[in-house]
Amino acid sequence: EAAPPLLLGPGVDGADGVGPPRKRKRRKPVWLPQDRVEVQWKGKGFRGSWALAEVEEVNSHQVKVIFAEFVDEQGESLTEWVPNHRLRLVPAPHTPEWRPVVGGVVEARSNDLWWEGRIERCDAIKGYLFTYENHRSWIWLPLEGL
C-alpha cells in the first residue's frame with residue numbers, strides 16, 4: 001500500500017503545500033548596533049577563545065565590533081570587521097548553585113578572554129584545574145573564573 005502524500009501546512013517549505021519540503025537556506029543571525037556579543041579570536045595562540053564586544057555597524061556580510069577590553073597604542077578601544085560566523089550571544093551567567101564537574105566541558109576566563117576547555121580536578125584550596133581545549137596548557141582557577 002502506498003504511503004499517503006506528505007501534506008504541509010501554510011508557512012512550510014513545499015512546492016505547493018504538497019510534497020517533500022525544499023532544502024531551507026540557513027538563516028544568518030541578525031545583529032543590531034549596541035548588541036553585546038562575543039567574538040571568536042583567530043590566529044596563533046588564540047584558537048578556542050572568545051572576547052566581549054559590542055556591535056557598532058552591520059553590513060550584509062560582516063559586523064563591525066568594538067572590543068570591551070582591548071585597546072590600541074593610543075588607548076582607543078580596538079575595532080574590527082568580523083564575519084557573522086565568528087560572533088555569538090553573550091552566554092547567560094551561571095546560577096549560584098552551579099558547580100563544574102570533573103570531565104565537564106566549560107569555558108574559563110583568563111587574560112581577558114573566555115577559553116574552551118575541561119575541568120580535570122577539583123581541590124578545596126586550589127580551585128578547579130582547567131585544561132585548554134586547543135592548547136597544551138592548564139591553569140588553576142577559582143569558581144568565579146568559570
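In what follows, residues are counted from 1 in the order of the sequence shown.
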Margin query: With rounding to the nearest 0.5 angstrom, report the CD1 to NZ distance, I139 to K126.
Written below: 13.0 Å
Checklist line | Sub-4.5 Å side-chain heavy-atom contact between V55 and L32 | finding: no
Note to self: Ring-plane angle category for H94 and W98, please: parallel below 30°, perpendicular beyond 60°, tilted otherwise.
What the structure shows: parallel
Margin query: What's the separation between atom CD in E69 and atom CG in N111, rounded to the nearest 0.5 Å?
Written below: 11.0 Å
Note to self: For the CH2 atom of W81 and the NE2 atom of H61, what is their distance to the nearest 0.5 Å?
What the structure shows: 11.5 Å
Check: So do N134 and E116 actually touch side chain to side chain, heavy atoms under 4.5 Å?
Finding: yes
Margin query: I want to check something: taking the side chain as every heavy atom from C-beta on, are L52 and F67 in contact at a cut-off of under 4.5 Å?
Written below: no
Next item on the list: Give the minimum heavy-atom separation between S49 and L113, together with the two atoms involved.
Entry: OG-CD1, 3.8 Å
Item checked: hydrophobic_cluster_shared for V106 and L143, side chain cutoff 4.5 Å -> yes
Check: What is the distance from atom CD1 of I66 to atom CD of Q34, rounded to the nearest 0.5 Å?
Finding: 9.5 Å
Margin query: Could you tell me if the side chain of Y128 sits less than 4.5 Å from the side chain of E120, heavy atoms only?
Written below: no
Check: Is the F46 ring parallel, tilted or perpendicular to the W115 ring (thresholds 30°, 60°)?
Finding: parallel
Next item on the list: Report yes if some heavy atom in the side chain of L141 is under 4.5 Å from a heavy atom in the side chain of L146; otherwise report no.
Entry: yes
Margin query: Using every non-hydrogen atom in the two residues, find where W114 and G145 come nearest and quote the distance to one decimal.
Written below: CZ3-O, 4.0 Å
Notebook entry, point to check: If every non-hydrogen atom of T79 is compared with every non-hydrogen atom of E56, which pair is closest and at what distance?
Noted result: CG2-OE1, 4.3 Å
Next item on the list: Can you see which heavy atom on V65 is nearest to which on V37, and at what distance?
Entry: CG1-CG2, 4.2 Å
Notebook entry, point to check: Is it true that atom CH2 of W138 has more than 12 heavy atoms of other residues, nucleotides or ligands lying nearer than 6.0 Å?
Noted result: no
Check: Is R88 close enough and on-axis enough to W50, meaning under 6.0 Å and within 45°, for cation-pi?
Finding: yes
Checklist line | Point-to-point distance, once rounded to the nearest 0.5 Å, from OG1 of T131 to CZ of R121 | finding: 12.0 Å
Notebook entry, point to check: Taking side chain as C-beta onward, heavy atoms only, is L87 less than 4.5 Å from V82?
Noted result: yes
Note to self: If you compare all heavy atoms of V63 against all heavy atoms of W31, which two are closest, and at what distance to 0.1 Å?
What the structure shows: CG2-CD1, 3.7 Å
Next item on the list: Compare every heavy atom of P100 with every heavy atom of C122, then report the nearest pair and how far apart it is.
Entry: SG-O, 4.5 Å
Checklist line | Polar side-chain atom of R86 near backbone of V39 as donor-acceptor pair, under 3.5 Å | finding: no
Notebook entry, point to check: What is the distance from atom OG of S110 to atom CZ of F130, rounded to the nearest 0.5 Å?
Noted result: 8.5 Å
Notebook entry, point to check: How about K42 and R47: do any of their side-chain heavy atoms sit closer than 4.5 Å?
Noted result: no
Note to self: Other residues, nucleotides and ligands only: do more than 12 of their heavy atoms fall within 6.0 Å of CZ on R109?
What the structure shows: yes
Note to self: Could you see if Y132 belongs to whatever hydrophobic cluster contains V105? Use Ile, Leu, Val, Met, Phe, Trp, Tyr and a side-chain cutoff under 4.5 Å.
What the structure shows: no
